[in-house]
Amino acid sequence: MIFKRPKIALIGGGKIGSLLAQMCSYRQLGDTVLFDITANFTKGVALDIAEASRTEQFNVNVTGDHEYQSIENADLCIVTAGLPRKPGMNREDLLVANAKIIKTIGENIKLYAPDSYIIVITNPLDAMVTLMQATTGFPKNRVLGQAGVLDSSRFATFIATELGVSVQDVNALVLGSHGDMMVPLIRHANVNGIPVQELLYRKYGNREKADQVMHDIVERTKKAGEEIVKLLGNGSAYFSPASSAYMMAEAIIYDKKRVVPACAMLEGEYGIEGYYAGVPVVLGRDGVERVLEIDLDKKERELFLASVDVVVKLKEDLKQLGYI
Ligand code: A3D
């Protein structure tokens with residue numbers, strides 16, 4: 001073989017990890033290893049996916065394992081290991097349980113895949129990305145988190161449904177921390193360049209009603225994860241998170257320079273120093289190649305800073321617990 005196929009380590013072989021294994025294989029993103037602490041389950045999932053290779057016509061390898069050695073020399077690690085929330089829990093309630101898991105995984109990624117890029121999905125997202133970067137000591141461009149792609153996709157879906165337009169034409173951006181304080185940007189939401197606020201005003205012919213509808217969409221976006229948790233009754237969303245992480249993985253592996261919101265380390269951008277938060281970035285072969293700064297008005301900025309305060313608090317908690 002002339003070129004090396006990328007090796008993707010999916011760490012956590014539950015719902016999101018298994019779906020990612022299927023997507024990476026069916027779309028031939030690279031050879032995939034699905035790692036989990038459970039001894040046989042991921043072997044079964046991987047074998048099941050591999051046995052679809054004839055009908056799906058893919059030629060990459062997919063394996064399951066529970067030994068850390070299996071992630072050796074991975075180019076990209078996507079981390080979903082840990083507990084998902086149950087009805088009534090918020091994401092921050094997972095901090096203690098998942099910090100222990102992420103710390104161990106970070107140490108093993110550092111050992112076995114020291115040159116890899118890492119996309120973290122485990123909640124509470126911003127804190128787990130912070131911990132992953134602190135544990136591995138990898139440069140900030142190689143450690144990032146998936147949340148904004150999903151939150152923005154949810155925002156766009158609700159806008160498209162409300163306006164009766166294709167979601168493909170909706171651009172919507174959610175910044176800040178991945179939690180109840182996230183910031184869907186109303187002013188920047190548009191349908192192929194036409195402001196959503198204007199379209200809502202034209203639909204209802206009344207500014208007050210248009211503002212109320214927009215407000216409801218924003219609130220639904222902020223609570224979208226909880227809406228799914230309640231409906232599923234056991235576990236949290238997995239199709240859309242897997243899809244969002246896959247898009248980011250593809251952007252890195254194919255050097256696409258996609259502009260997406262991601263949880264990235266801020267060192268001066270947006271006036272924040274030394275904290276991870278959801279911001280627009282350029283994603284390519286160097287991981288987070290650039291953080292893009294956009295002008296926020298007074299209210300947006302206040303909301304963004306309040307949202308970053310949640311990350312500041314979580315980072316403090318990690319310090320108190322002795323993890324960083
Ligand atoms: P689930 O199906 O329970 O899978 C988690 C897997 O992690 C299980 O198979 C566990 O066996 C495994 N695991 C536990 N400890 C370890 C360990 N030390 N090493 C390796 N594997 C381990 O959960 P899921 O796939 O639905 O969700 C995974 C995580 O993603 C949870 O923390 C969710 O809260 C989070 N999540 C994040 C988003 C974002 O947008 C950020 C969205 C949805 C879910």
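Both counts, for ligands and for their atoms, begin at 1 and track the order of listing. Treat the numbers as computed from the prediction; the structure is a model and nothing was measured.
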query = Can you find a non-hydrogen atom of F35 under 4.0 Å from ligand 1?
reply = yes
Ligand 1 to G17 polar contact by distance, N or O atoms, under 3.5 Å = no
ask   = In the protein, which heavy atom is nearest to atom 27 (O) of ligand 1, and how far is it?
value = I16 CD1, 3.6 Å
query = Less than 4.0 Å between a side-chain N and a carboxylate O, is that true for E250 and R27?
reply = no
key: Distance filter under 4.0 Å to N98 heavy atoms, resulting ligand 1 atoms   = 32 (O)
task = Closest by any non-hydrogen atom to atom 26 (O) of ligand 1: pick that one out of K100, R85, K15.
result = K15
query = Is the shortest distance from a Lys or Arg side-chain nitrogen in K299 or E302 to a carboxylate oxygen in the other one below 4.0 Å?
reply = no
query = Is any side-chain N of the basic residue among D93 and R85 closer than 4.0 Å to the acidic one's carboxylate O?
reply = no
note = Nearest non-hydrogen protein atom to atom 23 (O) of ligand 1, with distance, is P84 CG, 3.6 Å
Min N/O separation T38 to ligand 1 under 3.5 Å = no
key: Interatomic distance, D317 atom CG to Y323 atom OH [nearest 0.5 angstrom]   = 12.0 Å
request  = Could you tell me the residue and atom name of the protein heavy atom closest to atom 21 (N) of ligand 1, and the distance to it rounded to 0.1 Å?
outcome  = A81 CB, 3.4 Å
inquiry  = Please confirm whether G235 approaches ligand 1 to less than 4.0 Å, judged on its heavy atoms.
reply    = no
task = Identify which of I102, D36, V79 has a heavy atom lying nearest to atom 8 (C) of ligand 1.
result = D36
query = Identify the closest protein heavy atom to atom 7 (O) of ligand 1: which residue and atom is it, and at what distance?
reply = G82 N, 3.2 Å
Element-labelled atoms of ligand 1 that are located less than 4.0 Å from some non-hydrogen atom of N123 = 32 (O), 33 (C), 34 (O), 35 (C), 36 (N), 37 (C), 38 (C), 41 (C)
query = So, D286 and R142, do they make that salt bridge, N to O below 4.0 Å?
reply = no
message = Only heavy atoms of Q146, strictly under 4.0 Å: list the atoms of ligand 1 that pass.
response = 39 (C), 40 (O), 41 (C)
request  = Looking only at protein heavy atoms, identify the closest one to atom 4 (O) of ligand 1 and say how far it is in Å.
outcome  = G14 CA, 3.2 Å
Nearest non-hydrogen partners of P280 and L175, listed with the distance = CD-CD2, 3.6 Å
ask   = Is it the side chain (CB and beyond), the backbone, both or neither of L83 that lies under 4.0 Å from ligand 1, heavy atoms counted?
value = backbone
message = Does the residue T80 have a heavy-atom contact with ligand 1, meaning some pair of atoms that are separated by less than 4.0 Å?
response = yes
query = Could R5 and D31 be called an ion pair, given the rule that one side-chain N must be under 4.0 Å from one carboxylate O?
reply = yes
request  = Look only at interatomic distance and state if A237 has a nitrogen or oxygen under 3.5 Å from any nitrogen or oxygen of ligand 1.
outcome  = no
ask   = Tell me, which protein residue and heavy-atom name are nearest atom 18 (N) of ligand 1, and how many Å apart are they?
value = I101 CG2, 3.5 Å
salt_bridge(K43, D65) N-O dist < 4.0 Å = no
Per-atom contacts, ligand 1 versus P241 - under 4.0 Å to a heavy atom = 42 (C), 43 (C)
